[in-house]
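The next block holds one structure in the form of structure tokens; read it before the comments.
The first residue in the sequence is number 1, and the count goes up from there. Everything numeric in this text was worked out from a predicted model, so none of it was measured.
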Amino acid sequence: MRKETTLSSQLEKIAAFVTLPRIQRLLTTLVRIPSLSGEETSLQRFVEAYLSEHEIKIKRQHVTSSRYNIIAHNGIRSRPGVLLNTHVDTVPNCGAANSVPRRRGNVIYGRGACDAKGSIAAMLLAFIAIRQLFESEHVPLELCFTVGEESSGDGSHRFVRDSRNHVWAIVGEPTDLRIVNCHAGFVELLLTASSIRSHAFDPAGEQAITAVAELMLEIKRQARRQGEKPVHTFVHWIEGGDRSPFWSVRPSCKASLVVNAYSKAEVASMIRLAKKSCATVARKNKGVKIGVQIEGSDDGLQTPRNSPVVGFLSNSLRAIGRDSKIAALPSWTDGARFCAAGIPTVVFGPGSLKDAHTDGEKVNIEDVRDASIAMAGAVLAWHGQTVG
């Protein structure tokens, strides 16, 4: 009973610090600063200044000569602690509509609002609140903002190279405040086809372009999965043909197809499926040489439901009157890198994945507040158990 009372009082202190006006000011500023993947420095400098205003020292971890991750520590660094991480980069703007922040009631609109600047705001305030309100307890906590998640993932790749021991981690992404203990990895397939150049209406064989299109559709058809983890096939790019006026069969085509998969076994199965589909389509396309190559893959994130991070975050959500739903996410995140490095990791944050990367991207600041309180509560509950 004493621990429950202690957690409740701690959450009240956090809630008094993480107020809606404070979140609105911080999040609006974050959204206003462009941070396209590869061009994150302006936002990182703002984050540095914000932490400095709260007397928090940071470390720059260079990823390239001009780009860097930001790391801040609390407590005794020699002790294994908890990691809070999210990325600062965004995809490009869809247009003027989401290039500047807008507010309607408690909803903030704009590029990066939920992916993942809502999580940046939540984690900044959770970290600062723990440090200011519970400084004497020296809660072992590390805060890390990484670059490059939306493109190459180079920020998280750099971080795990020198990562110290962490007991568990929360990675901020739009999950509708669901606790994601499992998310998809991917297989990136390079599909190629070559045919004989000939007259368009008296061809020597089938067209390379239509063969690649058939191959993509065959893979999509064969890769269906039942249940809560749907297969998504994403055409990254396709090249073939030209705009010349001559009616002749274009001799080559290639495309990148990305398919999500939720485990090492599924990645291997998807590769076998792609090669089988290639053979099937080749038999139907006379005169076309078809190939498939594996450009890259990732196993995704798998953290047991009984992992301590799931339990602490679930209890914290229930303590503030929120559901503690556990879910799977169909997309890759930096969390896969931490999981692969042996850190029990969940993905969690305000906003919806369906709104991310759209021209109507948005997040509710009440969700940002509750995400911040829940994350801080999980950290404090863990710390209370380790010192209790």
Side-chain angles (χ1 to χ4, degrees), residues 2-11 13-14 17-18 47-48 50-52 54-61 68-86 119-120 122-146 155-172 179 181 301 303-304 306-316 319 334-335 337-348 371-388:
R2 183 185 65 82
K3 286 186 177 180
E4 291 181 2
T5 303
T6 300
L7 178 59
S8 176
S9 63
Q10 288 174 333
L11 291 175
K13 289 182 180 179
I14 297 292
F17 181 86
V18 185
V47 171
E48 288 176 314
Y50 193 84
L51 288 168
S52 178
H54 292 86
E55 300 181 343
I56 296 171
K57 294 181 180 179
I58 65 98
K59 170 188 173 183
R60 289 184 178 182
Q61 182 184 60
Y68 54 88
N69 300 327
I70 289 177
I71 302 172
H73 298 280
N74 188 64
I76 303 171
R77 293 186 61 182
S78 60
R79 290 181 56 193
V82 169
L83 171 66
L84 298 181
N85 162 264
T86 191
S119 289
I120 295 175
M123 289 183 171
L124 273 172
L125 295 176
F127 185 89
I128 293 168
I130 289 172
R131 185 177 179 88
Q132 291 188 354
L133 302 176
F134 307 95
E135 185 174 6
S136 60
E137 297 183 33
H138 300 294
V139 182
L141 177 62
E142 186 166 275
L143 180 67
C144 176
F145 295 120
T146 44
S156 59
H157 179 73
R158 173 67 182 86
F159 178 79
V160 298
R161 275 171 40 198
D162 297 335
S163 176
R164 68 194 184 99
N165 187 28
H166 296 93
V167 292
W168 46 262
I170 298 175
V171 171
I179 302 170
N181 71 318
L301 180 146
T303 297
N306 62 355
S307 178
V309 60
V310 176
F312 287 122
L313 192 51
S314 294
N315 292 338
S316 188
D334 278 336
R337 293 267 167 78
F338 304 128
C339 184
I343 305 170
T345 302
V346 296
V347 180
F348 171 80
S372 186
I373 296 170
M375 287 188 283
V379 173
L380 293 170
W382 162 79
H383 180 62
Q385 187 177 93
T386 60
V387 299

Ile343 and Ser163 have their tightest heavy-atom pair at CD1-OG, 4.0 Å
Arg60 vs Asn69, test: side chain to side chain contact (heavy atoms under 4.5 Å, CB included). Steps then yes/no.
CA-CA 6 Å; Arg60 289 184 178 182; Asn69 300 327; over 6 Å; no
Give me the atom names and distance for the closest heavy-atom approach of Ala378 to Ser316.
N-OG, 3.5 Å
Do Ser52 side-chain atoms and Tyr50 backbone N/O form a donor-acceptor pair below 3.5 Å?
no
Quick one: are Asn74 and Ile130 in side-chain contact, heavy atoms under 4.5 Å?
yes
Take atom NE2 in His54; do more than 12 heavy atoms of anything else shown fall under 6.0 Å from it?
yes
Are side-chain heavy atoms of Ile128 and Ile56 found at a separation under 4.5 Å?
yes
Could you walk me through whether Tyr68 and Arg158 pass the side chain to side chain contact (heavy atoms under 4.5 Å, CB included) check?
CA-CA 9 Å; Tyr68 54 88; Arg158 173 67 182 86; over 6 Å; no
Check: Thr146/Asn85 side-chain N/O donor and acceptor closer than 3.5 Å:
yes
Side chains of Trp168 and Val82: does their closest heavy-atom pair fall under 4.5 Å?
yes
What class does the angle between the rings of Phe159 and His166 fall in, given that below 30° is parallel, 30 to 60° is tilted and above 60° is perpendicular?
tilted
Do the non-hydrogen side-chain atoms of Val171 and Phe338 ever get within less than 4.5 Å of each other?
yes
Taking 4.0 angstrom as the limit, do Arg131 and Glu55 come out as a salt bridge?
no
What are the two closest heavy atoms between Ala169 and Val309, and how far apart are they?
O-CG2, 3.9 Å
Could you grab the distance from atom OG1 of Thr6 to atom CG of Leu380, nearest 0.5 Å is fine?
11.0 Å
Contact between His138 and His383 at the side-chain level, heavy atoms closer than 4.5 Å - yes or no?
no
Checking Asn181 against Thr303: is there a side-chain donor and acceptor pair closer than 3.5 Å?
no
Straight-line distance of Ile70 CD1 to Cys144 SG, nearest 0.5 Å
9.0 Å
Output, in order, the C-alpha distance, side-chain angles, deciding distance and verdict of side chain to side chain contact (heavy atoms under 4.5 Å, CB included) for Phe145 and Leu124.
CA-CA 10 Å; Phe145 295 120; Leu124 273 172; 3.7 Å; yes
If you define the side chain from C-beta out and look only at heavy atoms, does anything of Ile58 sit under 4.5 Å from Ile71?
no
Would you sort out whether Leu84 and Glu142 count as a side chain to side chain contact (heavy atoms under 4.5 Å, CB included), showing the intermediate values?
CA-CA 6 Å; Leu84 298 181; Glu142 186 166 275; over 6 Å; no
Shortest non-hydrogen contact from Ser156 toward Asp334
OG-OD1, 2.7 Å
With side chains defined as the heavy atoms from C-beta onward, is the minimum distance between Met375 and Phe127 less than 4.5 Å?
no
Heavy atoms only: give me the nearest Ala129-Ile14 pair and the separation to one decimal.
CB-CD1, 3.7 Å
Do Gln61 and Asp162 come within less than 4.5 Å of each other through their side chains, counting heavy atoms only?
yes
Closest non-hydrogen atom pair, Leu7 against Gly377:
CD1-O, 3.8 Å
